[in-house]
Every structure is written in structure tokens, then in C-alpha cells.
Student: 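Please read through the structure below; I'll follow up with questions.
Start at 1 with the first residue, then count along the sequence.
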Amino acid sequence: MADITYETCPTSAPFFGFMGVTAALCFANIGAAYGTAKSGVGISSMGVMNPQLVMRNIIPVVMAGVLGIYGLIVAVIIQGAITTPDNTGATVYSSFTGYAHLSAGLCCGLSGLAAGMAIGIVGDAGVRAVGQQERLFVGMILILIFAEALGLYGLIVALILSQQSYDCSANGAR
């Protein structure tokens, strides 16, 4: 029985949960930073010729920033679910839970990274185009919404994955 307990609840299991926290926050913030920077370059370039459109075209920067919030939400939820060892030093956080939390963090973080790249590219080209032809604004917003949806899909799946758990002490795996 001790071998099964060790395989189910090794002392290294929380490592995977903490890596999920790291992945969610870091990858989502990289995507948010890229989207903000790339869109900001386009806004700055467009603002030279049409400064009155700068505030209207700030939307891609806001949408990119939301991706970082998605990562923060998932990171806080996962971190709150990571349990400390009991009084005897035995791990109550299972490998199953660690892997679920790692996958949740990767799902949210990498979706946020992909969405940030899409928002950055669309935001850069879109605001420059809107600077030349204002009727393109609605089309740019629709494309940005679909790019943001990629991050939202990752957030939703990450929230579902983060609820998967196996508690070693509650299930008699000790």
C-alpha cells in the first residue's frame, strides 16, 4: 500500500501545481505585453497623422491587458487549491491534482499568449488602417473580439480543469 500512496501522492506533486500558477500568469502576461506593445506601436504611428483618433483606437491595448487578468485569475485559483503537507509531513496534494493544475495553467497561459499575439498584430495593422479609412473601425473591432475570445476559451477550460482534484487524506490513500 505504501508504494501506491507514494505514486499517488508524492512529495513532488505540489511542484506541478505551482508550475501551473507560473504558466498561467507568465504566459498570459507575455501575451498581454506583446499585444500592448505591438498595438501601441500602431497607435503611435497612426497618431502622428490623426491625433484625434488615438483615444478611439486604444481598444486593442485594453483588450490585450485583459489577457493578463485572465492569467491572474487562474493563478490565484490554482494557488488557493494547493494544500500544504499535514502535521506528519505527509503530502495530501496528489499527482492527479498537480497535473490538473499544471494543465489548467498551461491552457490559460498559452491561450492568452496566442490571443495576445493575435491582438497585437490585428491591433497594429488595424489602427493604422483606421487612421487612413475610419470605416474600417467596426471590422477591426470584430476581429479583435474573435482574437480575445481565444483567451476567454482558455480561461473557461482552465477554470474547469482547476476544479479537478484528488485529496490523498480524504480518499484513504495514506
Side-chain angles (χ1 to χ4, degrees), residues 14-82 96-166:
F15 169 78
F16 295 102
F18 286 118
M19 284 305 295
V21 170
T22 304
L25 191 61
C26 291
F27 288 136
N29 282 339
I30 291 169
Y34 180 83
T36 299
K38 187 87 167 141
S39 296
V41 167
I43 292 169
S44 298
S45 177
M46 179 275 306
V48 171
M49 299 305 286
N50 288 319
Q52 70 277 7
L53 295 177
V54 169
M55 289 310 292
R56 182 178 182 197
N57 285 316
I58 205 81
I59 294 171
V61 172
V62 173
M63 292 179 84
V66 169
L67 298 173
I69 296 170
Y70 291 169
L72 178 64
I73 290 168
V74 171
V76 168
I77 288 172
I78 294 172
Q79 184 277 330
I82 298 173
F96 176 83
T97 306
Y99 298 147
H101 289 164
L102 176 62
S103 64
L106 287 171
C107 187
C108 177
L110 294 175
S111 294
L113 177 60
M117 293 179 72
I119 289 171
I121 293 167
V122 170
D124 182 24
V127 297
R128 290 175 196 246
V130 169
Q132 294 176 4
Q133 176 57 262
E134 289 189 46
R135 287 186 280 174
L136 295 173
F137 183 75
V138 173
M140 177 190 73
I141 296 300
L142 287 174
I143 295 167
L144 288 169
I145 288 169
F146 287 116
E148 180 79 26
L150 299 175
L152 185 59
Y153 300 154
L155 172 68
I156 292 167
V157 172
L159 291 175
I160 293 168
L161 286 170
S162 71
Q163 301 307 305
Q164 303 297 314
S165 67
Y166 175 85

Student: What pair of heavy atoms forms the shortest contact from Ala158 to Cys107, and how long is it?
Tutor: N-SG, 4.3 Å

Student: Between Ala147 and Ala115, which heavy-atom pair has the shortest distance, and what is it?
Tutor: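 Heavy-atom minimum between the residues: O-CB, 3.3 Å.
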
Student: Identify the two heavy atoms, one from Leu136 and one from Ala129, that lie closest to each other, and give their separation to 0.1 Å.
Tutor: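 Smallest heavy-atom distance, with atoms named: CD1-CB, 3.6 Å.
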
Student: Is there a side-chain contact (heavy atoms from CB on, under 4.5 Å) between Leu102 and Phe15? Walk through the geometry before answering.
Tutor: CA-CA 9 Å; Leu102 176 62; Phe15 169 78; over 6 Å; no

Student: Apply side-chain contact (heavy atoms from CB on, under 4.5 Å) to the pair Ile77 and Gln163, showing each step before the final yes or no.
Tutor: CA-CA 9 Å; Ile77 288 172; Gln163 301 307 305; 4.1 Å; yes

Student: For the backbone of Cys108 and the side chain of Ser111, can you confirm whether one donor and one acceptor N or O come within less than 3.5 Å of each other?
Tutor: no

Student: So, taking the atom named CD1 in Ile141 and the one named CE in Met63, what distance separates them when rounded to the nearest 0.5 Å?
Tutor: 7.0 Å

Student: In Å, rounded to the nearest 0.5 Å, how long is the span from CD1 of Ile59 to CD of Glu148?
Tutor: 12.0 Å

Student: Please name the pair of heavy atoms, one in Ser103 and one in Leu161, separated by the smallest distance, quoted to 0.1 Å.
Tutor: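 Minimum heavy-atom contact is OG-CD1, 3.7 Å.
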
Student: Compare all side-chain heavy atoms of Val130 with those of Met46 and state whether any distance is below 4.5 angstrom.
Tutor: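 Not touching, per the 4.5 Å side-chain cut-off.
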
Student: Without swapping roles, check the side chain of Asn57 against the backbone of Ile43 for a donor-acceptor pair under 3.5 Å.
Tutor: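 Not confirmed, Asn57 side chain does not pair with Ile43 backbone.
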
Student: Minimum heavy-atom separation for Asn29 and Gly68, please, with both atom names.
Tutor: OD1-CA, 3.2 Å

Student: Return yes if some donor-acceptor pair links the side-chain N/O of Ser45 with the main-chain N/O of Val41 below 3.5 Å, else return no.
Tutor: no

Student: Calculate, to the nearest 0.5 Å, the distance between atoms CD1 and CG belonging to Ile58 and Leu53 respectively.
Tutor: 12.0 Å

Student: For a 4.5 angstrom cut-off between non-hydrogen side-chain atoms, does Phe16 reach His101?
Tutor: no

Student: Picking from Leu113, Ile119, Ile121, what satisfies side-chain contact (heavy atoms from CB on, under 4.5 Å) with Tyr34?
Tutor: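 For Tyr34, the side-chain contact (heavy atoms from CB on, under 4.5 Å) check succeeds only for Ile121.
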
Student: Closest approach of Ser39 and Pro60, non-hydrogen atoms and distance?
Tutor: OG-CB, 3.3 Å

Student: With Tyr70, which of Val74, Leu72, Val66 fulfils side-chain contact (heavy atoms from CB on, under 4.5 Å)?
Tutor: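 One option only clears the test, and that one is Val66.
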
Student: When rounded to the nearest 0.5 angstrom, what is the spacing between CD1 in Ile30 and CG in Leu110?
Tutor: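 Rounded to the nearest 0.5 Å, the CD1-CG separation comes out at 9.5 Å.
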
Student: Looking at CD1 of Ile78 and OG1 of Thr22, how far apart are the two atoms once the value is rounded to the nearest 0.5 Å?
Tutor: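 Going from the CD1 atom of Ile78 to the OG1 atom of Thr22 covers 9.5 Å.
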
